[in-house]
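Order of listing sets the numbers, starting from 1, for every ligand and every atom in it. As the structure is a prediction and not an experimental result, all values here were calculated from the model.
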Amino acid sequence: MTPDLFEFEEREQQQAWREQLCPGAVLLHGFAVPDEAAIFAALHRVTSEAPFRHLITPGGFRMSVAMLNCGTHGWVSDRNGYRYDAIDPESGKPWPRMPDVFRKLARDAAASAGFEDFEPDACLVNRYEPGARLSLHQDKNERDLGAPIVSVSLGLPAVFLWGGLRREDRPVRIPLMHGDVMAWGGPSRLCYHGILPLKEGNHPLMGGYRINLTFRKAT
Ligand code: MD3
Ligand code: FE
């Protein structure tokens with residue numbers, strides 16, 4: 001996996017480069033760093049409208065990752081299963097609007113990864129505290145699996161587990177740093193993936209947390 005060195009001239013940033021992991025899977029190192037202050041401010045607005053909460057899995061377990069959504073649809077889990085819902089079940093109201101800086105970042109990253117005209121209608125915001133993890137899973141609740149998923153890593157670093165199309169395929173470990181953006185589409189869209197338990201630390205912007213934004217076309 002030799003990184004394809006690429007100047008993101010439009011991002012005015014040197015520490016950004018594109019790495020093609022597999023057909024359809026692209027890692028844009030540092031892509032979100034230039035927008036970090038605007039993302040941070042937007043995140044404050046969103047979390048003031050819909051607080052983080054620990055969802056319950058269909059099997060009855062409390063997820064260690066805290067979540068919320070913005071956009072017209074949001075991913076939710078409860079005893080009945082997983083689904084996308086236009087209403088936040090906690091408040092009974094629509095999810096907060098997706099901030100313009102989020103939408104533009106997702107669209108620009110998708111285009112840079114080769115997916116033109118990405119139109120996300122859901123942004124799942126995951127918050128990891130030390131010890132929090134996400135076990136291997138596939139994302140397949142979205143109606144249109146032809147659309148990619150774009151993810152943005154912020155704050156503390158984490159180890160991403162990148163598996164294959166079968167649960168038994170042994171995952172590769174990829175470190176994800178603040179500002180890294182990944183796009184998953186085409187043949188990689190249904191890869192199993194997860195996050196190892198987060199290590200403690202302190203990030204200048206995000207403090208003791210890792211925040212991950214995943215942009216989806218849910219409907
Ligand atoms: C590969 N989030 O929210 S992002 C999730 O860091 C999720 O919080 C992780 O998995 C996180 O569902 C990983 C990277 C990612 C997201 C979606 C994918 C990788 C993916 C969908 C298909 C294949
Ligand atoms: Fe996922």
Side-chain angles (χ1 to χ4, degrees), residues 19-29 31-32 39 43 52-55 57-58 63-71 73-77 81-84 95 98 102 105-106 109-110 113-115 118 120-167 169 171-199 203 206 209-218:
E19 188 177 358
Q20 182 92 43
L21 300 171
C22 230
V26 179
L27 174 47
L28 305 169
H29 294 267
F31 192 90
I39 295 170
L43 205 49
F52 282 110
R53 78 291 303 265
H54 293 269
L55 297 175
T57 67
M63 295 185 75
S64 60
V65 179
M67 298 179 169
L68 62 84
N69 294 271
C70 58
H73 289 76
W75 184 85
V76 289
S77 171
Y82 310 127
R83 67 180 184 279
Y84 281 96
W95 297 101
M98 189 185 299
F102 282 20
L105 175 66
F115 303 104
F118 178 45
D121 54 10
C123 172
L124 172 63
V125 185
N126 293 332
R127 187 188 68 187
Y128 295 76
E129 56 185 33
R133 62 190 288 268
L134 200 58
S135 54
L136 275 187
H137 67 278
Q138 290 174 301
D139 290 17
K140 53 180 184 188
N141 297 128
E142 300 73 28
R143 189 190 300 258
D144 174 12
L145 294 175
I149 289 186
V150 170
S151 95
V152 179
S153 292
L154 301 163
L156 292 179
V159 178
F160 176 67
L161 296 174
W162 172 34
L165 294 176
R166 297 173 312 166
R167 189 181 283 282
D169 295 339
V172 171
R173 296 178 174 209
I174 299 182
L176 289 180
M177 315 299 292
H178 174 76
D180 288 350
V181 178
M182 297 199 291
W184 299 84
S188 298
R189 177 63 179 75
L190 288 175
C191 284
Y192 277 87
H193 58 279
I195 294 283
L196 286 184
L198 194 80
K199 292 223 163 76
H203 185 272
M206 299 292 173
Y209 294 104
R210 171 175 185 264
I211 303 278
N212 179 264
L213 315 174
T214 51
F215 295 91
R216 299 126 188 278
K217 184 164 167 40

Self-check item: Student check: side-chain heavy atoms of R189 and D139 closer than 4.5 Å
Solution: yes
Quiz item: Just by distance, do the side chain of R167 and the backbone of L136 share a donor-acceptor pair under 3.5 Å?
Solution: yes
Quiz item: Donor-acceptor pair, N69 side chain versus W75 backbone, under 3.5 Å?
Solution: yes
Exercise. To the nearest 10 degrees, could you say what angle the Fe ion (ligand 2) makes with NE2 of H137 and NE2 of H193?
Key: 90°
Quiz item: What protein heavy atom is closest to atom 21 (C) of ligand 1, reported as residue, atom name and distance in Å?
Solution: H193 CE1, 3.4 Å
Quiz prompt | ligand 1 versus R127: contacting region, heavy-atom distance under 4.0 Å | solution = neither
Quiz item: Which heavy atom of the protein is the closest neighbour of atom 5 (C) of ligand 1, given with residue, atom name and distance?
Solution: R216 NH2, 3.3 Å
Exercise. Please answer whether the main-chain N or O of V152 pairs with a side-chain N or O of N212 as donor and acceptor at a distance below 3.5 Å.
Key: yes
Quiz item: For W162, does its backbone N or O pair with a side-chain atom of H193 as donor and acceptor, under 3.5 Å?
Solution: no
Quiz item: Mind checking whether L105 and V150 have side chains closer than 4.5 Å, heavy atoms only?
Solution: no
Quiz item: Which heavy atom of the protein is the closest neighbour of atom 7 (C) of ligand 1, given with residue, atom name and distance?
Solution: L134 CD2, 3.5 Å
Quiz item: Going by the order shown, which atoms of ligand 1 are within less than 4.0 Å of some heavy atom of R210?
Solution: 6 (O), 8 (O), 11 (C)
Quiz item: Among Y128, F160, Y192, whose heavy atom sits nearest atom 8 (O) of ligand 1?
Solution: Y128
Quiz item: What atoms in ligand 1 come closer than 4.0 Å to a heavy atom of C191?
Solution: 23 (C)
Practice problem: Check ligand 1 against I149 and write out every atom of the ligand that is under 4.0 Å from a heavy-atom position of the residue. | Solution: 17 (C), 21 (C)
Exercise. Determine which of the N, O or S atoms in D139 is closest to the Fe ion (ligand 2) and give its atom name.
Key: OD1
Quiz item: Does any N or O in the side chain of R127 come within less than 3.5 Å of the main-chain N or O of M67, such that one atom is a donor and the other an acceptor?
Solution: no
Quiz item: Identify the closest protein heavy atom to atom 19 (C) of ligand 1: which residue and atom is it, and at what distance?
Solution: W184 NE1, 3.2 Å
Quiz item: Which ligand 1 atoms, with their elements, are less than 4.0 angstrom from a heavy-atom of I195?
Solution: 6 (O), 9 (C), 11 (C)
Quiz item: For ligand 1, which atoms sit closer than 4.0 Å to a heavy atom of S151?
Solution: 4 (S), 14 (C)
Quiz prompt | atom 22 (C) of ligand 1: the protein heavy-atom neighbour that sits closest, reported with distance to 0.1 Å | solution = R189 O, 3.0 Å
Quiz item: Which part of L124 is near ligand 1, with near meaning a heavy atom under 4.0 Å away: side chain, backbone, both or neither?
Solution: side chain
Quiz item: Checking E142 side chain against K217 main chain: does a donor-acceptor pair fall under 3.5 Å?
Solution: no
Self-check item: Atom indices of ligand 1, in the order listed, that fall short of 4.0 Å to a heavy atom of S188
Solution: 23 (C)
Quiz item: Has ligand 1 got any nitrogen or oxygen that is less than 3.5 angstrom from a nitrogen or oxygen of H137?
Solution: yes
Exercise. Enumerate the atoms of ligand 1 whose separation from the nearest heavy atom of N212 is less than 4.0 angstrom.
Key: 2 (N), 4 (S), 6 (O), 8 (O), 11 (C)
Self-check item: Atom indices of ligand 1, in the order listed, that fall short of 4.0 Å to a heavy atom of M182
Solution: 14 (C)
